[in-house]
Amino acid sequence: MSDTQFTPRVFSGIQPSGGLTLGNYLGALKRFVDMQNEGSFETVYCMVDLHAMTVWQNPADLRHNTRELAAGFIASGIDPSKSILINQSQVPEHAQLAWIFNCVARMGWMQRMTQFKDKAGKNAQNVSLGLFAYPALMAADILVYHATHVPVGDDQKQHLELTRDIAIKFNHDFEVDFFPVIEPVIEGAATRVMSLRDGSKKMSKSDPSDASRINMTDDADTIAKKIRKAKTDPEPLPSEAAGLEERPEARNLINIYSALAEMSVDAVMTDVGGKAFSEFKPMLAELAVEKLAPISTEMARLMNDQAEIDRILAHGAEQAREITAPILAKTYEIVGMIK
Ligand code: TYM
């Protein structure tokens, strides 16, 4: 463990590999805004375009999705005057440190990554080398800022453990106390938002069924329709959280309500216990529209001025490099590169 005192700094990222979902918003983005506004951290947030291209992206779509994601960050409340907002490829130190970490991380560690195994499936020989090395780039994203806290959804937990392992091994191998051992921040009712069609599957932008997710660009009618059609069971809602245990679809909708309303699950259960889904779903739809529609409207407005988005990202990259360039330079020195 590290004895060095590091500046409390938050880093997190989202892939511009498609649209933003309600899972991204509740599991990550909303938490990013909370941590920005809390005021106890410096905050750095990132569109990870280099990660997105580990699976094929049409170049025009990637550019569009990156700008749209930046608009989503800002529309959700990330303020470029309070947080550093960047696009990964515009800060070259991420990829440079990733190479060093490729040489620190072990094949066995990477082979254990469940997300790689899920994404590669039976096709492991045919996926990109980048997909395999993905978690080392993620560790570099975080550690090139000496970030200390990383808010993410539950599915990123194993990658953050690997980030800790890389920092510990680097510090040990080079006999330094240079990289912080980060704290994952996986908190709240919505660290794992599930598909609206199947309570055992994560809500994901890559699910072939659009009805399985709420997209941050969906209009009010679409949001309401998807919630109305969400899979449920025939029983009324229980009055206590314990009654949700064997009911994944009901639990998912309650968790979504709890996160959107910023109420504890227990408080939600007190309000809605005993109600049928026919009564609860319109309540949830109304709440979701109230919270999400202003974000999608603002995203659309921001996308009308893409030059302004590009300007914000260029400025973010400049601010970021003031932090990352000295950390990379020191890393190069530690490992023995000539200046
Ligand atoms: P990505 O783009 O898949 O997801 C971005 C964030 O959204 C969270 N998330 C969810 N949370 C709750 N329920 C869901 N259904 C759900 N789906 C997604 C994810 O946990 C994540 O926090 N590898 C990362 C991106 C990344 C990164 C980083 C994150 C690259 N470098 C450095 C943190 C720090 C990813 O693919 O996230």
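In each ligand, atom 1 is the first atom listed, and ligand 1 is the first ligand listed.
Residue contacts with ligand 1 for I142 involve side-chain atoms from C-beta outward but no N, CA, C or O (heavy atoms, distance under 4.0 Å). Counting heavy atoms under 4.0 Å from ligand 1, residue S204 does not touch it at all. Counting heavy atoms closer than 4.0 Å to ligand 1, residue H51 contributes side-chain atoms (C-beta onward) but none from N, CA, C or O. Contacts of V48 with ligand 1, taken as heavy-atom pairs under 4.0 Å, involve the side chain alone. The side chain of V150, and not its backbone, has at least one atom closer than 4.0 Å to an atom of ligand 1 (non-hydrogen atoms only; side chain from C-beta on).
Looking from atom 37 (O) of ligand 1 to the surrounding protein, the closest heavy atom is Q156 NE2, 3.8 Å. Closest to atom 4 (O) of ligand 1, if we only count protein heavy atoms, is N24 ND2, 3.3 Å. In this structure, the protein non-hydrogen atom closest to atom 11 (N) of ligand 1 is G23 O, 3.2 Å. Atom 23 (N) of ligand 1 has its closest protein heavy atom at Y134 OH, 2.7 Å. Scanning the protein heavy atoms around atom 1 (P) of ligand 1, the nearest turns out to be Q15 N, 4.3 Å. Among all non-hydrogen protein atoms, the one lying nearest atom 22 (O) of ligand 1 is G153 N, 3.1 Å. In this structure, the protein non-hydrogen atom closest to atom 13 (N) of ligand 1 is V193 N, 2.8 Å. For atom 33 (C) of ligand 1, the nearest protein heavy atom (residue, atom name, distance) is S12 OG, 3.4 Å.
Below 4.0 Å from some heavy atom of G27 lie the following atoms of ligand 1, by number and element: 11 (N), 12 (C). Using a 4.0 Å cut-off to heavy atoms of R192, the atoms of ligand 1 that qualify are 12 (C), 13 (N). For ligand 1, the atoms closer than 4.0 angstrom to any heavy atom of V152 are 22 (O), 33 (C). Per-residue contacts place K202 under 4.0 angstrom from the following atoms of ligand 1 (heavy atoms of the residue considered): 15 (N). Close approach of ligand 1 to D155 is summarised as follows: ligand atoms under 4.0 Å from at least one heavy atom of the residue are 19 (C), 20 (O). Contact atoms of ligand 1 toward F11: 32 (C), 34 (C) (distance under 4.0 Å to a heavy atom of the residue). Less than 4.0 angstrom separates some heavy atom of A190 from each of these atoms of ligand 1: 12 (C). Listed by atom number, the atoms of ligand 1 under 4.0 Å from A28 heavy atoms are 6 (C), 7 (O), 22 (O).
The shortest separation from a heavy atom of K205 to ligand 1 is under 4.0 Å, placing the residue in contact.
With respect to D34 and R31, a salt bridge is recorded, a charged nitrogen being found less than 4.0 Å from a carboxylate O. Residues D207 and K202 are not paired through a salt bridge, judged by the lack of any N-O separation under 4.0 Å between the basic side chain and the carboxylate. The pair E262-K291 fails the salt-bridge criterion, with no side-chain N (NZ, NE, NH1 or NH2) lying under 4.0 Å from an Asp/Glu carboxylate O. Using a 4.0 Å cut-off between a side-chain N of Lys or Arg and a carboxylate O of Asp or Glu, E308 and R311 qualify as a salt bridge.
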Please determine whether salt bridge (charged side-chain N to carboxylate O under 4.0 Å, His left out) holds for the pair E298 and R301, giving the CA-CA distance in whole Å, both sets of side-chain angles, and the decisive distance to 0.1 Å. CA-CA 5 Å; E298 180 60 5; R301 192 190 69 77; 3.0 Å; yes
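Residues P16 and E68 are not in side-chain contact: their nearest non-hydrogen atoms beyond the backbone lie 4.5 Å or more apart.
E249 pairs in a salt bridge (Lys or Arg N to Asp or Glu O under 4.0 Å) with only one of the listed residues (K201, K229, K231, R197), which is K231.
Residue G13 holds the heavy atom nearest to atom 27 (C) of ligand 1 of all those in P16, G13, P151.
There is a side-chain donor-acceptor pair under 3.5 Å between N215 and D218.
Smallest separation of non-hydrogen atoms from E187 and T191: O-CG2, 3.4 Å. Closest non-hydrogen pair, I166 versus A105, comes out as CD1-CB, 4.0 Å. Across every non-hydrogen atom of T331 and I327, the tightest pair is OG1-O, 2.7 Å. The shortest heavy-atom contact between A211 and L196 is O-CB, 3.7 Å. Across L313 and L85, no two heavy atoms sit closer than the pair CD2-O, 3.8 Å.
Between F11 and Y145, the ring planes lie parallel to each other; the angle is under 30°, not in the 30° to 60° tilted range.
The shortest N or O to N or O distance between D141 and ligand 1 is below 3.5 Å.
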